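To start, the structure itself, in structure tokens.
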Amino acid sequence: YEETLQGIEDGHIHATVVQKPYVFGYESVKLLAQRARNPKAGLPSDVKEGIWHIPHRVIKKADVAAFRDELKGLKDKAKGDDPTGDITIAFVSNNAEDFWTFAEAGAKVVAREEKVKLEFRKPKTGSVKEQNDIIEDLVGKVKGIAVSVNEPESQKDFLDKIAGQVNLITVDNDAPGTKRLCYIGT
């Protein structure tokens with residue numbers, strides 16, 4: 001992302017559209033913690049037809065410095081002791097890109113607020129097999145899993161099986177038609 005921001009500052013790029021991965025991490029762990037404590041809890045009113053739309057942002061030249069400061073602040077919020085609690089919530093990204101560092105920051109902040117343990121996993125290869133293996137390993141150890149699905153079509157049956165065993169939501173990359181509780185993304 002830094003190259004894009006520099007390009008905007010230099011005038012080579014007019015603007016960029018950005019997602020809010022910090023919000024993805026924060027809201028998914030918060031929702032899963034609430035569902036773990038009360039399985040009958042409804043979904044937030046922001047969820048419409050199974051989708052929680054998190055609006056994107058446009059960053060232009062005048063916004064770059066403030067945006068950089070904001071990103072640093074989000075990472076700084078996540079510093080400190082690892083979250084602890086009697087409930088464990090997991091977040092599984094679809095790869096190991098820096099994008100997920102911000103989702104992890106949001107997840108850590110809310111995990112401390114909700115007093116839950118957090119397992120945040122970023123598959124190194126980004127393969128479906130690696131992601132599925134991570135998720136299977138987490139079942140039975142966690143009360144909820146948020147996942148950015150690698151291949152929605154090929155993982156449908158797998159995700160339905162997981163949703164039958166643990167609270168499951170999709171984040172950033174959805175798997176429509178599965179038994180997930182909801183999707184959180186742009």
Side-chain angles (χ1 to χ4, degrees), residues 1-33 43-79 89-111 113 118 120-128 130-131 134-135 144-156 159 168-178 180-186:
Y1 70 90
E2 185 52 42
E3 296 85 12
T4 302
L5 295 178
Q6 190 61 51
I8 294 169
E9 280 186 323
D10 294 344
H12 304 294
I13 300 172
H14 177 68
T16 187
V17 176
V18 297
Q19 295 178 298
K20 298 178 183 173
Y22 180 91
V23 176
F24 297 168
Y26 187 95
E27 295 298 352
S28 62
V29 171
K30 182 176 182 177
L31 173 57
L32 288 169
L43 295 174
S45 61
D46 292 327
V47 178
K48 308 287 188 219
E49 297 179 18
I51 297 173
W52 188 343
H53 177 257
I54 307 297
H56 67 275
R57 290 174 59 184
V58 176
I59 306 298
K60 294 184 178 184
K61 189 171 186 169
D63 309 316
V64 171
F67 185 63
R68 276 193 182 110
D69 289 345
E70 180 183 335
L71 293 177
K72 182 185 178 315
L74 293 175
K75 283 185 176 181
D76 288 348
K77 278 184 177 182
K79 291 179 182 173
I89 302 297
F91 190 112
V92 181
S93 71
N94 57 5
N95 59 48
E97 294 297 323
D98 194 43
F99 175 90
W100 295 110
T101 302
F102 296 100
E104 185 175 12
K108 281 184 177 180
V109 168
V110 76
E113 291 172 5
L118 176 66
F120 199 99
R121 306 280 181 87
K122 295 186 252 186
K124 288 178 177 60
T125 67
S127 74
V128 170
E130 182 183 18
Q131 187 178 58
I134 290 169
I135 293 168
I145 299 173
V147 60
S148 180
V149 182
N150 275 333
E151 294 180 11
E153 290 299 319
S154 70
Q155 288 177 277
K156 183 184 182 317
L159 293 170
L168 178 72
I169 62 174
T170 57
V171 180
D172 181 56
N173 197 26
D174 196 10
T178 61
R180 51 112 169 109
L181 293 172
C182 70
Y183 163 69
I184 299 175
T186 302

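For clarity, every value in this text was computed on a predicted model and none was experimentally measured.
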Closest non-hydrogen contact found for Val110 with Gly25 is CG1-O, 4.3 Å

Donor-acceptor contact present, side-chain Asn173 to main-chain Val149, <3.5 Å: yes

Output for pair (Leu5 CG, Thr16 OG1), nearest 0.5 Å, gives 7.5 Å

So CD of Glu70 and CG of Asp63: to nearest 0.5 Å the spacing works out to 10.0 Å

Is the backbone of His56 close enough, under 3.5 Å, to the side chain of Gln19 for a donor and an acceptor to pair up by distance? no

- Between the side chain of Gln155 and the main-chain N/O of Asn150, is any donor-acceptor distance below 3.5 Å? yes

**Request:** For the pair Lys122 and Glu104, find out whether any cationic side-chain nitrogen is under 4.0 Å from an anionic carboxylate oxygen.
**Result:** yes

For the residue pair Lys20 and Arg57, establish whether any side-chain heavy-atom pair is separated by less than 4.5 Å.
yes

dist Thr178:OG1 -> Glu153:CD (nearest 0.5 Å) comes out at 10.5 Å

Sub-4.5 Å side-chain heavy-atom contact between Glu27 and Lys30
yes

Which label fits Phe91 and Trp100: parallel for a plane angle under 30°, tilted from 30 to 60°, or perpendicular past 60°?
tilted

Check your understanding: Side chains of Ile54 and Trp52: closer than 4.5 Å at any heavy-atom pair?
Key -> yes

- For Asp172, does its backbone N or O pair with a side-chain atom of Tyr183 as donor and acceptor, under 3.5 Å? yes

query: Tyr26 and Glu113: side-chain donor and acceptor closer than 3.5 Å?
result: yes

The reported gap from CD1 in Ile13 to OG1 in Thr4 (rounded to nearest 0.5 angstrom) is 5.0 Å

Just do the side chain to side chain contact (heavy atoms under 4.5 Å, CB included) check on Leu32 and Ile169 with the steps written out, would you?
-> CA-CA 8 Å; Leu32 288 169; Ile169 62 174; 4.0 Å; yes

What one should report as the nearest heavy-atom pair of Ala15 and Val58 is CB-CG1, 4.0 Å

Q) Backbone N or O of Gly50 within a donor-acceptor pair of the Arg180 side chain at under 3.5 Å? A) yes

Check: Just wondering, do Phe102 and Tyr1 contact through their side chains at under 4.5 Å, heavy atoms?
Finding: yes

Side chain to side chain donor-acceptor pair (under 3.5 Å) filter on Thr101, not counting sequence neighbours, yields Asp98

Residues passing the side chain to side chain contact (heavy atoms under 4.5 Å, CB included) test with Ser45, sequence neighbours excluded, are none

To the nearest 0.5 Å, atom OG of Ser127 lies from atom CG of Asn94 at 11.0 Å

Query raised in the report: Below 4.5 Å, heavy atoms only, C-beta onward: do Pro55 and His53 meet side chain to side chain?
Result: yes

Test side-chain contact (heavy atoms from CB on, under 4.5 Å), reference Val147, set Leu168, Val171, Ile134, output is Leu168

**Request:** Take Tyr22 and Lys77 through the side chain to side chain contact (heavy atoms under 4.5 Å, CB included) test and state the conclusion after the steps.
**Result:** CA-CA 11 Å; Tyr22 180 91; Lys77 278 184 177 182; 3.5 Å; yes

Exercise. Using a 4.5 Å cut-off on heavy atoms from C-beta on, say whether the side chain of Lys72 contacts that of Asp76.
Key: yes

task = Compare all side-chain heavy atoms of Ile184 with those of Thr170 and state whether any distance is below 4.5 angstrom.
result = no

Has Gln131 got a side-chain atom pairing as donor or acceptor with Gly126's backbone, closer than 3.5 angstrom?
no

Flag if over 12 foreign heavy atoms under 6.0 Å of CD, Glu2 | yes

Query raised in the report: Can you tell if the side chain of Leu31 reaches within under 4.5 Å of the side chain of Pro44, non-hydrogen atoms only?
Result: yes

When Lys60, Lys61, Arg68 are each screened for salt bridge (Lys or Arg N to Asp or Glu O under 4.0 Å) with Glu9, the one that passes is Arg68

Check: Donor-acceptor pair, Asn95 side chain versus Glu97 backbone, under 3.5 Å?
Finding: yes

Phe99 meets the ring pair (Phe, Tyr, Trp, His ring centres under 6.0 Å) criterion, sequence neighbours left out, with none

